[in-house]
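Given the structure is predicted, the values throughout are model-derived calculations rather than measurements.
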Amino acid sequence: MKNIILSIIAIASISLFSGCNQISPAPKAEKAQSKQEQRDVRIFSTDNTKGNITTKSIEKAFTDNGFEITGNNNMNAAFAKRFNAKKDYEIYRLLFVYSPEASVKLLKDYPRFGLLAPLSTSVYSKDGKTIKISSLSLDGMARVSGVPKTNPDLIALSQRMTKALKEALPNGEFE
């Protein structure tokens with residue numbers, strides 16, 4: 001039963017978030033952000049010209065930070081088959097990370113948090129040299145799940161996600 005529920009949640013996450021890396025950069029004039037602006041998706045990137053960062057090394061960074069990997073799907077193959085399209089990305093994977101500890105705590109009071117358990121991330125590279133991971137920010141997690149962004153368990157989950165991102169993509173930074 002647990003696997004069925006996780007599968008349903010993973011499918012829902014794919015439907016909701018699979019296009020999150022399709023956001024075009026804003027023109028320079030629009031890049032100035034007010035302190036009030038809310039960002040739901042964040043992109044962490046780093047140089048990978050040496051090829052040291054792999055699917056396995058990214059998974060390890062997340063598992064080392066208490067996450068379980070519930071899916072790691074090669075979307076290039078899926079998109080080529082489904083849309084008969086050429087490959088736009090050298091790497092494009094949907095990685096689903098799950099925190100049993102955080103989920104149990106948050107689901108008790110906020111059932112909508114199930115929409116984020118597991119968390120969907122996109123791992124991608126246009127050129128194979130710069131690798132990026134998009135994920136929900138604390139604001140995004142709060143908005144989708146209905147959990148207040150001041151909730152200590154949600155904050156801890158977001159901080160752990162950030163730590164995993166930094167370990168997965170050494171010398172990376174948020175765009």
Side-chain angles (χ1 to χ4, degrees), residues 1-24 39-104 106-107 112-138 140-141 143-145 157-158 160-170 172 174-175:
M1 183 68 168
K2 178 181 170 185
N3 288 339
I4 293 170
I5 292 170
L6 287 176
S7 296
I8 291 169
I9 292 169
I11 290 168
S13 295
I14 290 170
S15 298
L16 288 171
F17 304 114
S18 65
C20 66
N21 64 343
Q22 300 298 321
I23 299 169
S24 300
R39 293 196 165 229
D40 292 341
V41 176
R42 59 193 183 159
I43 299 171
F44 198 73
S45 66
T46 196
D47 176 70
N48 193 31
T49 52
K50 294 182 180 177
N52 297 337
I53 301 168
T54 65
T55 301
K56 294 295 178 200
S57 69
I58 292 170
E59 285 184 0
K60 183 176 181 338
F62 281 96
T63 57
D64 286 353
N65 282 283
F67 291 97
E68 293 179 15
I69 307 300
T70 60
N72 190 342
N73 303 326
N74 179 351
M75 297 310 292
N76 277 335
F79 289 151
K81 183 177 177 183
R82 183 169 182 187
F83 301 113
N84 197 22
K86 67 178 182 75
K87 185 166 84 171
D88 288 333
Y89 292 87
E90 199 61 34
I91 300 165
Y92 185 17
R93 302 189 73 83
L94 283 180
L95 177 67
F96 302 98
V97 298
Y98 172 67
S99 172
E101 175 188 323
S103 295
V104 167
L106 290 164
L107 283 168
R112 273 187 43 204
F113 181 77
L115 292 169
L116 299 180
L119 293 164
S120 173
T121 64
S122 294
V123 179
Y124 60 100
S125 176
K126 277 276 211 193
D127 59 9
K129 297 176 184 171
T130 300
I131 194 160
K132 302 177 182 211
I133 301 176
S134 65
S135 64
L136 287 175
S137 65
L138 175 62
M141 284 189 242
R143 203 155 68 90
V144 170
S145 68
L157 175 63
S158 179
R160 213 161 21 116
M161 184 74 154
T162 300
K163 185 174 183 273
L165 288 169
K166 290 179 178 181
E167 289 177 20
L169 304 182
F174 286 103
E175 294 185 7

Side-chain heavy atoms of [X] within contact of [Y], under 4.5 Å:
X: Phe67; Y: Pro118; answer: no
X: Leu119; Y: Leu157; answer: yes
X: Ile69; Y: Val97; answer: yes

Report the distance from atom [atom1] of [X] to atom [atom2] of [Y], rounding to the nearest 0.5 Å.
X: Met75; Y: Arg82; atom1: CE; atom2: CZ; answer: 8.5 Å
X: Asn52; Y: Leu169; atom1: CG; atom2: CG; answer: 12.0 Å
X: Glu68; Y: Phe62; atom1: CD; atom2: CZ; answer: 14.0 Å
X: Asp64; Y: Lys163; atom1: CG; atom2: NZ; answer: 8.0 Å
X: Asp40; Y: Ser134; atom1: CG; atom2: OG; answer: 12.5 Å
X: Thr162; Y: Phe174; atom1: OG1; atom2: CZ; answer: 4.5 Å

_Working note: Thr121 + Met161, criterion side-chain contact (heavy atoms from CB on, under 4.5 Å); need CA distance, chi angles, decisive distance, verdict._
CA-CA 10 Å; Thr121 64; Met161 184 74 154; 3.3 Å; yes

Within the side chain of [X], is there an N or O that forms a donor-acceptor pair under 3.5 Å with the backbone of [Y]?
X: Thr63; Y: Glu59; value: yes
X: Asn76; Y: Ala80; value: no
X: Arg160; Y: Asn65; value: yes
X: Ser45; Y: Ile131; value: no

Nearest heavy atoms of [X] and [Y], plus distance in Å:
X: Arg112; Y: Val144; value: NH2-O, 2.6 Å
X: Phe113; Y: Ser145; value: CA-CB, 3.7 Å
X: Ser125; Y: Thr130; value: OG-O, 2.7 Å
X: Arg93; Y: Thr55; value: CD-OG1, 3.6 Å
X: Tyr124; Y: Tyr89; value: CD1-CE2, 3.7 Å
X: Asp47; Y: Ile53; value: O-CD1, 4.2 Å

*asked:* Please determine whether the number of non-hydrogen atoms from other residues, nucleotides or ligands lying under 6.0 Å from atom NZ of Lys126 exceeds 12.
replied: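 Enclosed: over 12 neighbouring heavy atoms sit under 6.0 Å from NZ of Lys126.
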
*Asn73 vs Phe96, side-chain contact (heavy atoms from CB on, under 4.5 Å): CA-CA, chis, key distance, verdict*: CA-CA 9 Å; Asn73 303 326; Phe96 302 98; 3.5 Å; yes

_Walk me through whether Ser137 and Val41 qualify under side-chain contact (heavy atoms from CB on, under 4.5 Å)._
CA-CA 5 Å; Ser137 65; Val41 176; over 6 Å; no

*Knowing that exactly one of Leu107, Leu106, Leu136 qualifies, which makes a side chain to side chain contact (heavy atoms under 4.5 Å, CB included) with Leu116?*
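Answer after filtering Leu107, Leu106, Leu136: Leu136.
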
*Can you check whether Tyr92 and Phe79 have ring centres sitting under 6.0 Å from each other?*
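So the answer is yes for these two rings.
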
*Derivation of the side-chain contact (heavy atoms from CB on, under 4.5 Å) call for Tyr98 and Ser103*: CA-CA 8 Å; Tyr98 172 67; Ser103 295; 3.4 Å; yes

